[in-house]
Structure formats: structure tokens, C-alpha cells
2 protein chains.
Amino acid sequence: MTAPLHEARPAGPGRALPDTQQGMRRRNLARVMHTVSAAGPLSRAAVASRIGLTRAAVSTLVDELIRSGLLEELGPERPVRVGRGRPGSALAVSGRGPAGIGAEVGVDHLAVCAVDLRGQVRARIVRHGSNRGRSPAPVVKELTRLVRHVVAEAEREGLWPAGLAVAVPGLVAGDGRTVVRAPNLDWHDTDLGSLLPAELPLTVDNEANFGALAELWLGEGTPRDFLHVSAEIGIGAGVVVDGRLLRGKRGFAGELGHVPVRPDGPACACGGRGCLEQYAGEEAVLRAAGLEPGEDRVGLLAARATEGDEDVRRALRDAGEALGVALTGAVNLLDPESVVLGGALAGLAPWLLPSLRSELAGRTAGPACPVSVSRFGPEGPLLGAAHSVVRAVLDDPAAVAERS
Amino acid sequence: MTAPLHEARPAGPGRALPDTQQGMRRRNLARVMHTVSAAGPLSRAAVASRIGLTRAAVSTLVDELIRSGLLEELGPERPVRVGRGRPGSALAVSGRGPAGIGAEVGVDHLAVCAVDLRGQVRARIVRHGSNRGRSPAPVVKELTRLVRHVVAEAEREGLWPAGLAVAVPGLVAGDGRTVVRAPNLDWHDTDLGSLLPAELPLTVDNEANFGALAELWLGEGTPRDFLHVSAEIGIGAGVVVDGRLLRGKRGFAGELGHVPVRPDGPACACGGRGCLEQYAGEEAVLRAAGLEPGEDRVGLLAARATEGDEDVRRALRDAGEALGVALTGAVNLLDPESVVLGGALAGLAPWLLPSLRSELAGRTAGPACPVSVSRFGPEGPLLGAAHSVVRAVLDDPAAVAERS
DNA sequence: CTATTTCGTCATGGCGGTTTACAAATTAGT
DNA sequence: ACTAATTTGTAAACCGCCATGACGAAATAG
């Protein structure tokens with residue numbers, strides 16, 4: 001029963017459980033966890049009215065969750081006051097117990113963190129240094145060391161790892177383990193499952209997808225329908241529809257970088273012509289700006305743009321324009337509530353946004369789709385990965401209780 | 001309790017019912033209906049093993065459904081044989097009881113049909129004649145007459161109408177009643193709910209969406225992730241993701257017609273430039289082919305192309321090319337399993353497909369997304385509409401039993 | 001200080017699926 | 001043809017889960 005933990009993929013609170021009393025119980029446990037997790041400290045009565053069960057039923061559910069160590073009672077010193085009447089006893093998600101381990105394989109860094117059920121980052125390591133062209137085995141070996149380190153640190157705080165989620169800058173197969181293509185790393189058809197320790201349930205996904213999930217779960221007022229655009233060499237988008245990540249048949253959805261912007265434009269590695277990547281991809285922008293590819297390419301662009309370098313600014317303006325054209329297509333197709341720029345794009349937003357927005361507005365009848373910048377910037381994918389494990393626990397607390 | 005009947009919109013078998021024993025019962029009733037409906041005559045034991053309940057539980061569910069008239073026992077003359085052992089008694093969806101009424105407001109016709117729970121069309125009327133520029137009131141009045149006629153015919157066969165679903169060639173608001181914009185008809189912000197008889201639960205939706213649903217529900221081997229493209233003056237797409245229709249925030253998803261194909265192309269009514277509609281829309285194609293707009297425009301194009309008219313063929317080839325560019329973007333974004341051409345496009349497919357396919361293949365790395373033609377052609381939206389009502393009954397049989 | 005309100009829990013009950021057992025209906029094998 | 005094996009459908013007893021209603025506990029309002 002470790003399968004339901006891979007929740008960043010199948011997704012949806014407790015779906016697919018059989019419609020029997022046991023399944024009902026499990027779903028109700030999940031609903032209690034989600035409610036308490038989302039709405040802060042809450043009394044049993046408040047939970048009951050929110051999920052539509054009686055106080056008595058919620059009491060038994062809460063008892064079970066407290067026994068499992070997933071929920072805790074804050075104690076009589078910190079009651080939940082409502083007005084007149086006896087104050088409720090405050091329930092909160094436990095700060096001990098299971099933790100989600102998130103990891104990120106970036107082009108220029110590795111990062112690992114541990115997040116508890118409350119959403120707090122409890123341990124964190126970042127190692128800088130380029131991974132371009134390094135073969136998977138040594139990179140993953142190093143990543144494994146970092147994971148073990150973070151897990152050890154988390155365990156010292158009374159946490160135990162419930163799963164590992166890895167964000168990679170590339171396409172991931174539908175199995176949630178295999179990196180099909182990561183151009184920045186030059187990885188192809190690499191099964192991370194066989195390289196990582198098998199102790200933890202594993203999920204691998206695109207960084208744009210995890211970034212989108214971070215936005216969905218952690219962003220304040222984030223809608224249930226939006227596009228999260230993120231870029232390094234390639235440009236990827238995490239598409240969230242009705243609160244769920246859109247993956248597509250093979251798991252390749254969100255390949256914004258190869259949306260045609262000018263059908264007769266320059267040839268692209270994908271076989272097409274005039275793909276967005278040819279105008280707004282990292283290499284294209286650096287070339288247009290007259291810069292040499294170096295270590296921290298995004299930082300370099302941002303620095304030069306800040307200094308007022310006209311070539312760089314023009315290059316970014318043009319990239320924003322191309323992004324605007326591609327996003328117009330996406331917005332027409334998906335009708336999202338907003339578009340969020342995350343990952344590397346977040347740092348370049350000041351110079352991309354004006355042309356992007358005007359292009360989008362000019363091509364749209366009625367009010368244009370609002371474009372914002374992610375609050376998490378480059379941290380999004382890592383946080384999203386760790387939280388995906390946490391969400392899996394919230395989605396089926398009974399499965400975790402069995403293992404603890 | 002008429003709300004859950006509008007199932008083409010919220011969709012998803014019995015979701016959102018409370019996780020209480022009553023909700024469980026209702027969901028299990030729905031699962032029995034869906035199973036029997038999908039897998040033909042089935043014994044109680046077969047249903048039980050398919051949905052994961054015990055034979056005893058299924059027996060009580062089936063009893064209830066038979067009492068409600070939604071299921072029927074075929075009788076001892078037509079048993080379900082399995083091999084050794086006692087043969088099962090065959091269960092089938094009832095051919096009487098509730099029926100779905102589907103209606104279509106086309107540019108050149110009105111159509112209404114009644115479909116029983118088995119999916120059979122039991123009554124049908126089509127009235128030819130242009131509706132371009134006619135104001136909503138008289139058109140809907142005429143449609144209402146046709147609906148009453150079909151309902152009367154269905155009732156003579158022992159059916160009763162469970163709901164009415166109307167397909168329109170335009171954008172429909174999120175409420176499922178109001179036509180926001182239908183350029184072919186020149187309707188704007190028209191609330192069909194106030195014009196149609198209030199006796200029946202009503203759903204209004206875009207014809208491309210209903211066409212996509214027909215494909216999803218009735219097509220053989222149709223995947224759960226695909227794009228259904230359909231066109232009259234505008235070009236719309238029904239986007240199906242994981243077996244559910246993608247609607248977007250305002251319900252405007254699938255506006256393929258305004259995806260930019262050439263960012264510097266001719267201006268479009270939407271405010272943009274070079275939208276797909278400027279290359280593959282009906283007017284653009286007619287102009288490129290050197291034809292005058294007349295009554296049956298699609299038929300005219302098809303006829304001329306069949307005759308070998310080079311201008312028409314070239315125009316259609318170019319339109320296919322533009323469609324290919326726009327679809328490349330959509331395919332990259334959504335990673336669907338296939339693309340289906342329906343509605344008016346189905347009739348022009350022989351001349352559109354070659355250039356469309358080669359454009360799509362040339363712009364895609366790896367195997368290109370397969371493009372096929374709808375089996376239903378122009379009938380798709382009408383069938384999808386009627387079936388959406390039927391699906392609503394299957395999704396919550398208990399709600400219907402209360403009304404019968 | 002009392003009346004009122006709200007919280008959490010307990011006992012009871014209804015409902016729904018499971019378990020177990022059994023009769024009915026058919027095939028396979030002798 | 002007759003028996004053994006197999007499968008179906010149903011009935012009775014059981015268990016689990018939530019609802020109902022009542023109660024004591026703990027606060028506020030007057």
C-alpha cells in the first residue's frame with residue numbers, strides 16, 4: 001500500500017478508494033486532515049460543520065488521527081474561541097510525524113529539503129555547482145548524500161520521511177520515475193528509480209509541474225485554473241485545471257517551448273520552425289543580447305538589464321513579446337484565470353512583463369488574462385516537490401498510519 | 001434536487017456527494033448503472049466483481065434500480081452464460097423510463113432528438129433553413145415546438161424526458177444557460193433559460209464541447225485525452241482531459257480559432273492579428289477559394305473540391321496547413337492522445353487532412369499526434385447533447401428515481 | 001449569579017456492505 | 001444418466017460507520 005503515496009501524479013483527495021464503509025472512513029479521515037491543514041487551528045465542531053459530518057463522527061475521526069500522530073491537540077491553554085459558549089479545543093496538524101522530502105536537480109545546483117505536515121521547511125541543503133553534461137549516476141549519488149543528510153536532520157526533530165519527490169528540468173515519463181529528456185543536463189531515458197535509494201516512495205516530475213503545484217497549494221488566492229510558466233534552456237509550463245495538474249497522455253503536457261510563434265521562423269531541434277524556444281529560450285536570449293553563455297546565465301542577464309544594457313533589455317523585451325504570442329494561444333485554448341511566471345523567469349520578469357502583457361492584451365477580446373510573478377521564484381519547484389509528499393499524506397492518512 | 005442533472009458541466013460520476021452512508025449508496029447505484037450501461041447485459045455477479053462489491057450488496061442495489069425502472073431483467077430465456085455453473089440472469093439498462101432530449105441550434109438548421117438510457121435514438125426531428133441573423137426569440141420558439149413534438153413522440157414509446165441539453169455554435173457562460181456570443185447567429189448575451197420552457201432541467205453548451213462528449217462517450221476506442229475540433233464560421237475545440245471536458249475559468253476554453261498562427265497576419269475581430277480563423281475560418285476559406293457566401297457553404301466547398309476545382313483545393317490545403325500550425329501548439333501544450341475533426345470540418349477532411357498532418361508531423365519530435373475524423377460528423381453535437389442528459393441519469397440514478 | 005450558548009462525548013439506532021450458508025441451475029466427467 | 005464441481009442469487013447474522021438525542025462541561029451575557 002505504498003502506491004497511493006505518489007500523489008503528485010494521480011492526485012485528487014482520496015479518489016479511487018472503493019465505495020465501501022472502509023473507503024468512506026478513509027476519505028473522511030482525509031477530509032479532516034485537509035480541513036485542519038487548510039484552515040489553521042480548528043475545533044472539532046468547526047471541522048464538523050465544514051465537512052458536513054456531525055460532531056460525534058468528527059470526534060472519532062480526530063481521535064484516530066491523534067492516535068496516529070498526524071493531528072495534535074494544542075491544549076487547554078490555547079483554546080479556539082468562537083463567541084459565547086464553551087471554547088473548542090484547538091486541533092492542529094502535527095509538527096512531528098511524517099515529513100515530505102523534496103529534491104531538485106537544477107542546471108547549476110542540487111537542493112533538498114524536508115517539509116513537515118504543517119508546511120514548514122524543517123531542513124534544507126543547497127549545493128551550488130554546474131551539472132551540465134555530468135552523467136546521471138554521479139549527480140544522483142551526490143543527491144542521495146544530500147537526501148540522507150536532510151533525512152537525518154529531520155529525524156533529529158522527530159520527523160520521519162514519508163516519501164521523496166524529485167524535480168528535474170526535463171520531460172518525465174508517465175511512470176513518474178524516468179527522465180525521458182533533459183536537454184540542459186543532456187540526460188536521456190534515465191530511470192532515477194534505479195539510482196536512488198529504494199527506501200522511500202519516489203516521485204519524479206518536471207520542475208514546471210512542481211512549481212505549478214507549489215503555486216496551487218501555497219500561493220495565497222491562487223486560482224484553480226492557471227498556467228505556471230518556467231524556463232531554463234527549455235520553456236515549460238505547468239497547466240493546472242480545476243485544481244489538478246494536466247499531464248497528458250504521455251505526461252508531456254505543458255511543452256510551451258515548442259509552440260509555434262512564427263511558422264516560418266528558424267529551425268528548432270524539435271523538428272519544427274519558429275518555436276517559442278527560438279525566441280525566448282535561454283540560448284536565444286543570450287545570443288540576441290550579445291552575451292557569452294557562462295555559469296549563472298540568468299543572474300548575468302538580470303544584472304546587465306538592471307545596469308541599463310540596451311541590448312540585453314531589447315533581447316528580453318523581444319522574448320517577452322514571443323512569450324506573449326505563445327501565451328495568447330494557450331490562454332485561448334485553456335481559459336485560465338491567470339498566468340504565473342516562475343522559476344528562472346521570475347528573476348527576469350521586470351523586463352519581460354511589459355511587452356508580454358501588451359502582446360497578450362492586444363490579442364485578446366475583452367479583459368486580458370492577468371499575468372503575475374510567482375512569490376516563490378526559483379524556490380517553487382523544490383517546495384512543490386516536498387509538498388507533494390505532504391499532500392499525499394493528507395490525501396490518505398490511513399495509509400501512513402499503517403506505516404508509522 | 002435538479003442541479004445534479006446538469007451533468008455535462010460538473011461531470012464526474014457522482015462526485016461531490018457527501019461522504020456519508022447515503023452518499024455511498026447513491027454512488028454505488030451510479031456505479032452499477034454505469035457498469036451495466038457500458039458492458040452490455042451482465043449478471044449481478046459480473047457487476048459485483050467489476051465494481052468490487054459483494055454479490056449480496058449488488059443484489060440489493062439492482063433490486064432498487066429495477067424498482068425504479070432504470071434497469072430490467074431480460075428474463076430466463078436470455079441468460080448470461082459464463083461457463084460451468086448456474087447461468088446468471090441478464091441485466092440491461094431499461095429501454096423505457098427517462099430519456100435525454102438533445103437539441104441543436106445550427107446556422108442552417110434546427111434539430112431535436114430523444115435518446116433512451118440504452119443510447120438509442122428514439123425520436124428525431126430536423127428542420128432546415130437558415131438562422132443567420134434571426135433574433136433569438138422566434139428561433140427558440142420554433143425550437144420549443146420541435147422539442148414538444150419529440151417529447152410527445154418519446155412519451156408514446158413509454159419514455160419521459162429527464163432533461164434538455166441545447167448545443168449552440170458559440171460561447172456559453174459558466175451558468176450553462178446564457179449564450180455570450182454566437183457570431184454566426186449574431187446573438188449576444190442571450191439567456192436561453194428564460195426563452196425555453198422551464199419544465200425540463202436545461203443545459204446549454206458549445207457545439208464543439210457536445211461534439212467532444214459524443215466522441216468520448218460513443219466513439220469506440222476514443223481515448224480519455226483528446227481534442228475535438230469543429231468549425232463553422234468560428235473554429236472551436238472541445239478539450240477532453242482525463243475523460244472530462246475542460247471548461248476554463250469562464251467556460252471559454254477551446255477557442256482554437258483565435259490562436260495566433262502568424263503574429264503579423266491580418267487583423268481579426270478579436271483584436272489580435274493572424275488568428276487561425278483568418279486562415280481556416282469559413283469566410284477566409286471561401287474568399288481564398290473565390291466563392292460567394294451562400295446557403296450551404298460547407299456543402300459547396302466539398303462539392304467543388306470533389307469536382308477538382310484547383311482554387312478550392314488550394315484554399316482547403318492552406319487552411320489545413322494553418323490548422324496544423326495551431327494544433328501543433330495545442331498538442332505541445334496538452335499532449336492529447338489524438339485529435340478528432342468533427343462538425344463541418346468532417347466533411348472537408350479529405351482535403352484538409354494531408355497538409356494538416358504533414359504540418360503537425362513536421363513540427364513534432366517523435367511520433368506525431370494522430371488526427372482522425374469523427375464517425376458522427378455533423379451529428380456529433382446533437383448526439384452529445386442528448387447523451388449528456390442520459391449520463392446525468394447514470395451518474396445519479398437516485399435523483400431520477402425520486403422524480404419518476 | 002443565572003440563563004444561554006457552544007463544545008465534546010456517550011448511548012442508541014439505522015443503514016449499508018460483508019460474511020456465511022444454502023438452494024438453484026448448469027457443465028464436466030464417469 | 002448420474003454424480004461432482006462450479007457458479008449464481010438470496011437470506012440471516014454481523015460489523016462498521018455515521019446520525020440522533022441527551023448530557024455534562026465551560027465559557028459569555030445580562
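These values consider heavy atoms only, across backbone and side chains, with no hydrogens, waters or symmetry-generated copies. Protein chains get the first letters and strands the later ones, always in sequence-line order, with residue 1 at the start of each.
- For the pair His34(B) (side chain) and Ala30(B) (backbone), a donor-acceptor distance under 3.5 Å is present.
- For Glu199(A), the salt bridge (charged side-chain N to carboxylate O under 4.0 Å, His left out) partners at least two apart in sequence or on another chain are Arg148(A).
- The separation between Asn28(A) atom CG and dA19(D) atom P is 8 Å, rounded to whole Å.
- Atom P of nucleotide dC17(D) and atom CE of Met24(B) are separated by 10 Å, given to the nearest angstrom.
- Not a single salt bridge (charged side-chain N to carboxylate O under 4.0 Å, His left out) links Arg96(A) to another residue, sequence neighbours left out.
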With the criterion being N/O to N/O and under 3.5 Å, what pairs connect the protein with nucleotides 21-24 of chain D, and how long is each?
unit_1, atom_1, unit_2, atom_2, d
dG24(D), N2, Arg86(A), NH1, 2.7

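- The 5' end of DNA chain C is approached more closely, in terms of each residue's nearest nucleotide, by Glu73(A) than by the other of Glu73(A) and Thr20(A).
- In this structure, Arg122(B) pairs ionically with Asp116(B), as a charged nitrogen and a carboxylate oxygen lie closer than 4.0 Å.
- Bracketed by its first and final contacts, the part of DNA chain C lying under 4.0 Å from non-hydrogen atoms of chain A reaches from dT5(C) to dG17(C) in 5' to 3' order.
- Only Pro87(B), listed by number, bring a heavy atom of residues 87-95 of chain B to less than 4.0 angstrom from any atom of DNA chain C.
- Comment: Asp19(A) does not engage Arg26(B) in a salt bridge, judged by the lack of any side-chain N to carboxylate O separation of less than 4.0 angstrom.
- In this structure, the side chain to side chain contact (heavy atoms under 4.5 Å, CB included) partners of Pro79(B), at least two apart in sequence or on a different chain, are Arg81(B), Pro87(B).
- Checked against side chain to side chain contact (heavy atoms under 4.5 Å, CB included), Ala386(A) has the following partners two or more places apart in sequence or in another chain: Cys113(A), Val115(A).
- Across all strands, Ser43(A) comes closer than 4.0 Å only to sugar-phosphate atoms, never to a base (heavy-atom distances).
- Rounding to the nearest 0.5 Å places CG of Leu245(A) at 8.5 Å from CG of Leu216(A).
- Across the interface with DNA chain D, nearest-nucleotide mapping of Pro79(A) and Thr54(A) shows Thr54(A) to be the residue nearer the 5′ end.
- In this structure, Arg44(B) places its CZ atom 14 Å from C1' of dT7(D), rounding to the nearest Å.
- In terms of the salt bridge (charged side-chain N to carboxylate O under 4.0 Å, His left out) criterion, residue partners of Glu72(A) (sequence neighbours excluded) are, by chain and number, Arg118(A).
- Gln22(B) has its CD atom 13 Å from the P atom of dC18(D), to the nearest Å.
- Contact check, Ser59(B) against dT10(D): a side-chain N or O comes under 4.0 Å of OP1 or OP2.
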(request) Let me see the working for His387(A) and Leu213(A) under side chain to side chain contact (heavy atoms under 4.5 Å, CB included), right down to the final yes or no. (result) CA-CA 8 Å; His387(A) 273 268; Leu213(A) 290 173; over 6 Å; no
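- Applying the side-chain hydrogen bond (donor to acceptor under 3.5 Å, both in side chains) test to pairs two or more places apart or on separate chains, those with a residue in residues 49-64 of chain B are Arg25(B)-Thr60(B), Arg25(B)-Glu64(B).
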(message) As a quick check of understanding, evaluate side chain to side chain contact (heavy atoms under 4.5 Å, CB included) for Val62(B) and Val47(B), giving each step before the final call.
(response) CA-CA 10 Å; Val62(B) 166; Val47(B) 172; 5.7 Å; no
Which protein N or O atoms sit under 3.5 Å from an N or O of nucleotides 28-30 of chain D?
none

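- Residues meeting the salt bridge (charged side-chain N to carboxylate O under 4.0 Å, His left out) test with Arg224(A), sequence neighbours left out: Asp242(A).
- The CZ-P distance, from Arg78(B) to dT8(D), rounds to 19 Å in whole Å.
- The side chain to side chain contact (heavy atoms under 4.5 Å, CB included) check on Ala385(A) picks up Ala165(A), Phe210(A), with sequence neighbours excluded.
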